[in-house]
Amino acid sequence: MPGLRHAPATLRNREPILLALQRILPPATDAAPRLLLEIASGTGEHAAFMAPRLPGWIWQPSDYDADALADIDGHARESGCDRIRPAIRLDVQAPAWPLEAADAILCCNMIHIAPWSAAEGLMAGAARLLGPGAPLVLYGPFKRHGAHTAPSNAKFDAEFLRARNPDWGVRCLDTEVQPLAERCGLALAEVMEMPANNMVVVGRRS
Ligand SMILES: C[S@@+](CC[C@H](N)C(=O)[O-])C[C@H]1O[C@@H](n2cnc3c(N)ncnc32)[C@H](O)[C@@H]1O
């Protein structure tokens with residue numbers, strides 16, 4: 001559809017993220033559907049690509065930027081997938097979210113492009129919505145044991161993220177993300193290396 005926003009990186013990372021989701025998510029069917037809440041859907045291109053390839057999963061896209069919602073819905077329409085719900089406005093930092101439960105939560109590329117309070121809101125909300133054992137799946141760059149995993153991530157952190165907003169930054173999985181998740185009742189279950197020095201991180205509600 002002409003005029004829809006595009007995020008070129010989604011074309012490069014959507015396939016590896018989908019493969020990870022296909023392994024992580026429990027099976028669902030049209031007769032016994034499950035709900036995936038996507039946080040920070042951005043352009044909606046991940047939803048449009050992945051939802052049709054995850055049978056039985058109802059995909060609920062969201063973003064806190066109200067201007068993003070029309071693009072997300074536009075890409076969903078283009079996909080022809082009737083399991084993508086209309087996008088909703090959701091700010092992870094809000095004390096209550098416009099949804100009470102989800103079978104899985106996916107959040108790609110948000111916690112480094114937002115203040116730390118967004119990570120705190122995400123974990124608290126995930127703990128409220130997910131049932132025991134249900135996954136919170138994060139995708140993006142992370143530090144390990146306080147250090148960047150690649151020079152390109154260090155450059156991105158200093159020259160793009162922190163230069164634009166000192167409250168943004170690549171978060172450390174071991175000293176920041178995991179302790180926060182555990183304080184919120186989510187156990188770090190899996191870490192997967194992904195192309196271009198990114199990771200998929202799976203937390204599960206204890
Ligand atoms: C870099 S984009 C990532 C978009 C998409 N997930 C992707 O990987 O292409 C970051 C997204 O985080 C969203 N965001 C930032 N702060 C947020 C918040 N407090 N609650 C929900 N979404 C937020 C922005 O609106 C933006 O769409």
Side-chain angles (χ1 to χ4, degrees), residues 4-21 24 36-51 53-54 59-76 78-79 84-99 102 104-130 135-142 152-153 156-157 159-171 176-177 180 184 192 194-202:
L4 289 180
R5 287 186 311 141
H6 289 273
T10 61
L11 294 177
R12 297 189 291 275
N13 60 32
R14 63 188 193 175
E15 191 81 45
I17 299 172
L18 172 67
L19 288 174
L21 284 181
I24 295 161
L36 180 146
L37 170 63
E38 185 188 15
I39 300 291
S41 299
T43 60
E45 289 165 284
H46 281 150
F49 179 76
M50 295 183 207
R53 293 166 174 81
L54 291 167
W59 194 289
Q60 175 61 73
S62 72
D63 206 282
Y64 92 140
D65 177 3
D67 292 341
L69 305 185
D71 285 290
I72 298 169
D73 289 342
H75 284 292
E78 274 193 346
S79 78
I84 306 176
R85 285 188 180 170
I88 54 174
R89 183 160 188 277
L90 191 161
D91 178 350
V92 287
Q93 298 187 71
W97 291 2
L99 208 70
I105 295 178
L106 171 68
C107 180
C108 300
N109 291 318
M110 185 198 74
I111 67 171
H112 59 286
I113 313 188
W116 181 242
S117 51
E120 293 173 325
L122 172 66
M123 298 289 181
R128 286 195 303 273
L129 267 65
L130 297 173
L136 166 66
V137 182
L138 306 179
Y139 168 85
F142 293 90
S152 57
N153 282 7
F156 173 63
D157 193 26
E159 295 177 16
F160 178 78
L161 297 174
R162 293 181 194 275
R164 280 177 75 169
N165 186 331
D167 293 334
W168 295 1
V170 173
R171 312 298 177 188
E176 295 176 304
V177 178
L180 169 65
C184 293
M192 273 168 269
M194 301 292 276
N197 306 305
N198 288 294
M199 292 178 202
V200 161
V201 175
V202 185

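Indexing begins at 1, ligand by ligand and atom by atom, following the structure's order. For clarity, every value in this text was computed on a predicted model and none was experimentally measured.
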Check: Yes or no on side chain to side chain contact (heavy atoms under 4.5 Å, CB included) for M194 and N13, after CA distance, side-chain angles and deciding distance?
Finding: CA-CA 9 Å; M194 301 292 276; N13 60 32; over 6 Å; no

What distance separates [X] [atom1] from [Y] [atom2], expressed to the nearest 0.5 Å?
X    : Y    : atom1 : atom2 : answer
I111 : L180 : CD1   : CG    : 8.0 Å
W59  : L36  : CH2   : CG    : 5.0 Å
M199 : M192 : CE    : CE    : 11.5 Å

Below a 4.0 angstrom heavy-atom separation, can you tell me which part of [X], side chain or backbone, both or neither, approaches ligand 1?
X    : result
N13  : neither
C107 : neither
H46  : side chain

Nitrogen or oxygen atoms of [X] and ligand 1 under 3.5 Å apart:
X   : value
D91 : yes
D63 : yes
A7  : no
E38 : no
A40 : yes
V92 : yes

Check: Under 4.0 Å from any heavy atom of T10, which atoms of ligand 1 are there?
Finding: 9 (O)

Item checked: Which of the ligand 1 atoms, numbered from 1, are nearer than 4.0 Å to a heavy atom of N109 -> 1 (C), 2 (S), 3 (C), 8 (O), 10 (C)

Next item on the list: Decide yes or no for T43 and H6: does some side-chain heavy atom of the first lie under 4.5 Å from some side-chain heavy atom of the second?
Entry: no

Check: For ligand 1, is A68 a contact, meaning one of its heavy atoms is under 4.0 Å away?
Finding: no

Notebook entry, point to check: Taking D71 for the side chain and R5 for the main chain, is one N or O donor matched with an acceptor at less than 3.5 Å?
Noted result: yes

Check: Do D157 side-chain atoms and G169 backbone N/O form a donor-acceptor pair below 3.5 Å?
Finding: no

Next item on the list: Looking only at non-hydrogen atoms, find the nearest pair between C184 and M123 and report the distance.
Entry: SG-CB, 3.6 Å

